[in-house]
Number of protein chains: 2
Amino acid sequence: MKYSNATNYALHTMVYLTTQQREKLVGVQELADMQRLSPTYLSKILTKLAKAGLIESTPGAKGGYKISRTKQDISFLDVIHAIEGETSLFDCTIHHEGCLIENVMREAEENMKSELQSKLLVDIAKEAEMNQKS
Amino acid sequence: MKYSNATNYALHTMVYLTTQQREKLVGVQELADMQRLSPTYLSKILTKLAKAGLIESTPGAKGGYKISRTKQDISFLDVIHAIEGETSLFDCTIHHEGCLIENVMREAEENMKSELQSKLLVDIAKEAEMNQKS
DNA sequence: TTAATTAGAGACATCAAGAGTCTTTAATAT
DNA sequence: ATATTAAAGACTCTTGATGTCTCTAATTAA
Ligand code: SF4
Ligand code: SF4
């Protein structure tokens, strides 16, 4: 069990977009170069992020992507959910009622999620900029 | 990303073994019947658990498996590690130093792990017995 | 209006891991 | 000896991740 590479790419992309100045459009080519990825592959990931409402895309020449205006305070969890989906890590198909095992697993997963929810992209972006300046 | 079915089987098996009386050997056939699984497949899982030192096996007629004597207080995390391995959920191959993304992911994962570490099989087994009696 | 640029959709190929079966071997009890 | 049981390994099958390629649609710039 491991997070997919796509999630990694998505996180890098989102952090990068967050460091850009507001309303500036960044093309998939630049984003792909930054991560040494094929643009077409990254394009799929970006489409997922767009459909999740985390970024906005404008087609055509001089088009590209930017962080969503409406959706502020994007968390790590938001990005992960956009790529990995929202299904539970421990997904027993049977679902006996009052299952003790499932309870434990769900609770543990919630602990991870709440941490990922509390971590916002803007915070990381700020930290990254601080590090660069120093 | 999802926990494997094997982990689910392993957890059920371990809880079941924990409810058995000490030193009693349970064969793979019984364990497989309980979960409606093929014995040969479950056998592989049991071997992993044995290699991790969580259970002990005795071959031959009247043989079978039982919870390890030396290793008490087995946690959910122990079982999961035995099956899934101990690699990190977020495993970036590059490892830039002072990576902020990795930090967040690792910390979140630790939150989940610490919860899974604190949950012991014996506690769940006790609860399960209580439920049955009531 | 035309050409260049860019996102999006979808078919397709490839690969790795999970899930499970089958067979053979080794150890133990009766 | 024979039956029983765990262990090991080869093997198949399926699924999902990881990409690539191509075509379409929208937008800008000339
Ligand atoms: S006991 Fe819980 S985990 Fe086990 S089969 Fe029932 S619902 Fe699933
Ligand atoms: S910044 Fe962190 S997650 Fe990204 S490539 Fe570097 S080490 Fe990996």
Side-chain angles (χ1 to χ4, degrees), chain A residues 1-13 17 23-33 35-68 80 82-85 87 89-93, chain B residues 1-13 17 23-33 35-68 80 82-85 87 89-93:
Chain A
M1 185 176 68
K2 216 175 80 59
Y3 279 109
S4 67
N5 293 344
T7 294
N8 189 333
Y9 302 147
L11 286 170
H12 282 85
T13 302
L17 286 179
E23 301 300 316
K24 162 131 182 260
L25 293 177
V26 182
V28 67
Q29 190 62 58
E30 180 178 342
L31 294 165
D33 286 348
Q35 303 177 62
R36 315 203 177 194
L37 264 181
S38 112
T40 48
Y41 181 44
L42 183 59
S43 177
K44 287 185 160 184
I45 295 169
L46 289 165
T47 301
K48 274 193 179 180
L49 293 172
K51 286 195 171 161
L54 305 184
I55 59 179
E56 291 172 17
S57 70
T58 58
K62 298 287 174 191
Y65 298 90
K66 67 177 200 298
I67 293 289
S68 163
I80 292 169
I83 305 298
E84 305 266 347
T87 63
L89 287 190
F90 185 82
D91 188 19
C92 176
T93 50
Chain B
M1 187 176 67
K2 217 176 78 58
Y3 278 110
S4 67
N5 293 346
T7 294
N8 189 332
Y9 302 146
L11 286 170
H12 281 86
T13 302
L17 286 178
E23 300 302 315
K24 160 129 182 260
L25 292 178
V26 182
V28 67
Q29 190 63 57
E30 180 178 342
L31 294 166
D33 287 347
Q35 303 178 61
R36 315 201 179 196
L37 263 182
S38 111
T40 47
Y41 181 44
L42 184 58
S43 177
K44 285 184 161 182
I45 296 168
L46 289 164
T47 301
K48 274 193 179 180
L49 293 171
K51 285 196 172 160
L54 304 184
I55 59 179
E56 291 171 17
S57 69
T58 58
K62 297 290 172 189
Y65 298 91
K66 66 177 202 296
I67 294 289
S68 163
I80 291 169
I83 304 299
E84 305 268 345
T87 63
L89 287 190
F90 186 83
D91 189 17
C92 177
T93 50

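First the proteins, then the strands, lettered A, B, ... as listed; each starts at 1. Source: prediction; values computed, not measured.
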If you round to the nearest 0.5 Å, how far is OH of A:Y41 from CD of A:Q35? 11.0 Å
Nearest-Å distance, CG (B:N5) to P (D:dT14)? 16 Å
Atom-to-atom span, CD1 of A:I45 to C1' of D:dT20 - whole angstrom: 14 Å
Which is true for B:Y3 with a 4.0 Å heavy-atom rule: it touches a base, it touches only sugar-phosphate, or it touches nothing? nothing
For B:A50, answer base if it contacts any base atom (sugar-phosphate contacts may also be present), sugar-phosphate if it contacts only those atoms, and nothing otherwise; contact means non-hydrogen atoms under 4.0 Å. nothing
To the nearest 0.5 Å, atom CZ of A:F90 lies from atom OG of B:S4 at 9.5 Å
d(B:L37 CG, B:T13 OG1) to nearest 0.5 Å is 7.5 Å
Under the side-chain hydrogen bond (donor to acceptor under 3.5 Å, both in side chains) test, which residues partner B:N8, sequence neighbours left out? B:H12
Report the residue (B:L46 or A:P39) whose heavy-atom-nearest nucleotide on DNA chain D is the more 5′ of the two. B:L46
OG1/B:T7 to NZ/B:K2 distance, rounded to the nearest 0.5 angstrom? 9.0 Å
Are the side chains of B:V26 and B:Q29 in touch, meaning some heavy atoms are under 4.5 Å apart? no
Please list each protein N or O that sits under 3.5 Å from an N or O in nucleotides 3-6 of chain D, with the distance.
unit_1: D:dT4; atom_1: O2; unit_2: B:A61; atom_2: N; d: 3.1
unit_1: D:dT5; atom_1: O4'; unit_2: B:G60; atom_2: O; d: 3.2
unit_1: D:dT5; atom_1: O2; unit_2: B:G60; atom_2: N; d: 3.3
unit_1: D:dA6; atom_1: OP1; unit_2: B:V28; atom_2: N; d: 3.0
unit_1: D:dA6; atom_1: O3'; unit_2: B:S57; atom_2: OG; d: 3.3

Check every strand shown and say whether A:K51 touches a base, only sugar-phosphate, or nothing at a heavy-atom separation below 4.0 Å. sugar-phosphate
Nearest heavy-atom neighbours spanning A:L17 and A:Y65: CD2-O, 3.9 Å
Using five base pairs at each end to define the local axes, how bent is the helix from C:dT1-D:dA30 to C:dT30-D:dA1, to the nearest 10°? 10°
Heavy-atom closest contact (A:L89 atom, A:M1 atom, distance): CD2-SD, 4.3 Å
Enumerate the protein-to-nucleotides 9-13 of chain D contacts in which both atoms are nitrogen or oxygen and the separation is below 3.5 Å.
unit_1: D:dA10; atom_1: N6; unit_2: B:K44; atom_2: NZ; d: 3.4

Rounded interatomic separation in angstrom, taking NZ from B:K48 and C1' from D:dA8: 14 Å
Pairs under 3.5 angstrom only: tabulate donor-acceptor contacts from the side chains of residues 45-64 of chain A to other protein residues two or more places apart or in another chain.
unit_1: A:T47; atom_1: OG1; unit_2: A:S43; atom_2: O; d: 2.9
unit_1: A:K48; atom_1: NZ; unit_2: A:I83; atom_2: O; d: 3.4
unit_1: A:E56; atom_1: OE1; unit_2: A:K66; atom_2: NZ; d: 3.0
unit_1: A:E56; atom_1: OE1; unit_2: A:R69; atom_2: NE; d: 3.2
unit_1: A:E56; atom_1: OE1; unit_2: A:R69; atom_2: NH2; d: 3.2
unit_1: A:E56; atom_1: OE2; unit_2: A:R69; atom_2: N; d: 3.1
unit_1: A:E56; atom_1: OE2; unit_2: A:R69; atom_2: NE; d: 3.4

Mind checking which nucleotides bracket the chain A contacts on DNA chain C, 5' to 3', with an atom under 4.0 Å from a heavy atom? C:dT5 to C:dA11
